[in-house]
Amino acid sequence: MKRYILALDQGTTSSRAILFDHQGLIHGSAALEYPQHYPHPGWVEHDPNEIWNSQLTVARKVLHDHHVDAQQVSAIGIANQRETTVVWDRKTGEPIAPAIVWQDRRTADICDQLRADGKARLIAECTGLELDAYFSATKIKWLLDHVPGARERARHGALAFGTIDSWLAWKLCGVHVTDVSNASRTMLFNIHLMRWDADLLALFDIPEQMLPQVVSSSEEVGMTRAALFGREIPVAGIAGDQQAATFGQACHAPGMVKNTYGTGCFMLMHAGRQAAVSHNRLLSTVGWRVDGRTDYLLEGSVFMGGATVQWLRDGLGIIKQSGDVEALANSVPDSDGVLLVPAFTGLGAPHWDPYARGALMGMTRGTTAAHIARAAVQAIAYQSAELLAAMQKDVAASHRSIPVTEVRADGGAARNDLLMQFQADLLGVPVVRPKVTETTALGAAYLAGLAVGFWDSTEEIAAQWQCERRFEPAMGADQRAALLARWSRAVERAKGWDAPL
């Protein structure tokens with residue numbers, strides 16, 4: 001009887017379920033988009049029950065459509081959109097409010113006040129994170145402050161907080177857990193001591209009893225309810241989506257870099273077994289904990305990656321499907337000087353400006369939809385190039401000789417050859433696309449499989465990684481520098497646009 005690992009890849013705009021075989025190849029997949037909710041400018045919400053229902057639906061569908069019995073599933077791994085915050089009633093299991101999504105900016109003023117109070121350094125030293133509305137802590141505080149009676153209920157242990165991994169584990173197994181990678185994204189977790197930080201909990205006025213138990217990224221945390229799939233299946237791997245993708249890309253050694261081109265873009269560099277310190281406003285984050293060993297990463301986050309293409313589709317209506325953007329952008333030789341800074345929800349690393357807003361610059365009467373499409377594709381690459389430059393500065397400042405020899409690319413937009421080539425040109429190093437681009441789900445599968453003996457070691461996993469295409473840089477250094485300088489001018493004009501007067 002052939003056996004599989006079932007990976008649940010719960011993303012910002014869709015839920016996916018993928019079956020992987022022992023060779024790390026996809027046996028079958030299913031995906032389902034679910035609604036996004038924008039009740040006010042800068043607010044982004046999800047319905048936690050819509051997330052759960054969509055994830056359960058695709059998990060059942062992939063088993064049914066590919067004639068796999070639950071008995072053939074050795075384990076389930078979970079990868080999830082990070083920082084998105086759910087608070088629910090422990091007794092009823094019902095959320096007390098919509099989930100506040102990682103992109104949501106409603107708590108920027110809380111961060112401003114904490115920064116004015118001099119708390120940013122404490123937060124950075126404990127968590128490795130920037131003080132920003134991106135992370136979970138201010139979202140939890142907002143819910144406790146704005147949902148009637150929530151804070152009192154939380155103090156009495158009636159409420160549970162979790163990022164989406166916790167929510168899915170609760171619905172699947174009835175356990176209240178999170179792994180170290182997701183915990184490290186809450187702005188409440190001390191990544192040096194590997195525990196919830198009492199000083200930060202006091203700072204945000206968050207009762208510790210509402211927090212989940214922190215577990216390793218690769219360990220059996222519970223069995224699914226038998227009614228869900230016809231039999232119990234162990235849930236044995238959990239990681240935030242970007243950590244999972246880094247693990248799935250086999251970036252297991254210091255200096256290895258991957259960039260995920262999803263709704264946002266997330267570039268991560270393996271930093272070794274000690275937390276790195278960034279002097280260029282990158283994040284120091286936990287990668288994963290396997291067999292009692294913790295690996296750390298440096299990370300830069302771009303809020304609008306593939307979501308920029310979705311805006312072309314849904315907002316401007318100049319393409320019918322996201323996949324149409326490459327042909328439209330390729331219909332012109334360049335952007336004709338047009339630059340798009342897609343700061344629709346502020347700017348992430350290395351700027352961290354919640355008040356930046358989107359800007360479309362350099363247009364003339366000759367500007368067409370094709371030029372805007374090309375500028376949108378290029379904007380994804382420009383933002384990612386800023387991240388690698390910041391990483392290289394951090395590495396140089398640490399006096400460690402870790403040359404970046406390539407960047408491994410994954411995510412939906414990594415299938416866009418135009419984007420991949422322009423990215424290589426801007427980075428000045430090759431961009432390598434693997435044969436299996438669903439590396440987020442693959443990483444979750446690997447973590448779960450290691451815990452149950454489906455795979456024996458990380459070395460076995462790394463040996464399965466294969467290149468599908470390698471994009472070599474073809475742009476001269478002078479042209480690269482000129483383009484990046486022009487991009488920097490455009491970014492400066494988008495910054496602070498919506499700041500309080």
Side-chain angles (χ1 to χ4, degrees), residues 8 10 48 51-52 75-96 99 126-129 135-137 139-141 143-144 153-202 204 206-225 232-241 243-244 285-295 444 447-448 450-452:
L8 307 183
Q10 204 300 298
I51 288 176
W52 163 242
I76 291 174
I78 297 173
N80 58 284
Q81 55 164 313
R82 303 170 303 171
E83 300 95 18
T84 295
T85 297
V86 185
V87 176
W88 65 92
D89 185 290
R90 289 184 184 275
K91 186 176 293 186
T92 67
E94 285 300 309
I96 66 168
C126 289
T127 69
L129 306 178
F135 306 106
S136 308
K139 303 179 194 302
I140 305 169
K141 175 176 172 56
L143 288 169
L144 294 180
R153 293 165 67 193
R155 286 187 178 129
H156 286 90
L159 299 183
F161 150 74
T163 42
I164 297 300
D165 61 308
S166 296
W167 174 242
L168 293 180
W170 177 274
K171 300 295 283 186
L172 287 165
C173 308
V175 296
H176 188 207
V177 299
T178 190
D179 93 295
V180 291
S181 71
N182 279 292
S184 75
R185 309 297 296 193
T186 60
M187 214 156 65
L188 297 171
F189 188 73
N190 190 310
I191 63 171
H192 310 286
L193 302 177
M194 299 297 285
R195 67 186 183 208
W196 299 118
D197 191 280
D199 291 337
L200 294 179
L201 291 173
F204 291 101
I206 295 172
E208 187 169 3
Q209 52 265 43
M210 71 183 300
L211 302 182
Q213 175 190 354
V214 182
V215 299
S216 293
S217 309
S218 180
E219 72 171 274
E220 188 174 320
V221 300
M223 304 293 289
T224 63
R225 296 181 174 94
E232 294 182 342
I233 303 172
V235 173
I238 299 175
D241 52 9
Q243 287 96 329
T285 194
V286 176
W288 47 81
R289 187 169 179 81
V290 177
D291 291 334
R293 297 187 303 272
T294 302
D295 289 46
L447 289 166
L450 283 171
V452 298

Please confirm whether the backbone N or O of [Y] pairs with a side-chain atom of [X], one donor and one acceptor, at under 3.5 Å?
{"X": "Ser166", "Y": "Val177", "result": "yes"}
{"X": "Asp179", "Y": "Ser181", "result": "yes"}
{"X": "Ser217", "Y": "Arg289", "result": "yes"}
{"X": "His176", "Y": "Ala169", "result": "no"}
{"X": "Glu219", "Y": "Ala451", "result": "no"}
{"X": "Gln10", "Y": "Ile51", "result": "no"}
{"X": "Thr85", "Y": "Glu83", "result": "yes"}

Who are the side-chain contact (heavy atoms from CB on, under 4.5 Å) partners of Trp52, not counting sequence neighbours? Leu56, Trp167, Leu168, Lys171, Leu172, Leu228

What's the spacing between [X] [atom1] and [Y] [atom2] if we round to 0.5 Å?
{"X": "Ile238", "Y": "Asn80", "atom1": "CD1", "atom2": "CG", "answer": "8.0 Å"}
{"X": "Gln243", "Y": "Arg185", "atom1": "CD", "atom2": "CZ", "answer": "6.0 Å"}
{"X": "Met223", "Y": "Cys173", "atom1": "CE", "atom2": "SG", "answer": "8.5 Å"}
{"X": "Ile140", "Y": "Leu201", "atom1": "CD1", "atom2": "CG", "answer": "8.5 Å"}
{"X": "Asp165", "Y": "Thr178", "atom1": "CG", "atom2": "OG1", "answer": "3.5 Å"}
{"X": "Ile76", "Y": "Ile233", "atom1": "CD1", "atom2": "CD1", "answer": "4.5 Å"}

May I have the list of side-chain donor-acceptor pairs in residues 188-197 shorter than 3.5 Å, sequence neighbours left out?
| residue | atom | partner | partner atom | Å |
| --- | --- | --- | --- | --- |
| Asn190 | OD1 | His192 | N | 2.9 |
| Asn190 | OD1 | Leu193 | N | 3.0 |
| Asn190 | ND2 | Asp197 | OD2 | 3.2 |
| His192 | NE2 | Glu125 | O | 2.9 |
| Trp196 | NE1 | Pro212 | O | 3.1 |
| Asp197 | OD1 | Asp199 | N | 3.0 |
| Asp197 | OD1 | Leu200 | N | 3.1 |

Check whether any side-chain heavy atom of [X] lies under 4.5 Å from a side-chain heavy atom of [Y], and answer yes or no.
{"X": "Ile206", "Y": "Phe161", "result": "no"}
{"X": "Arg153", "Y": "Asp89", "result": "yes"}
{"X": "Thr163", "Y": "Arg82", "result": "no"}

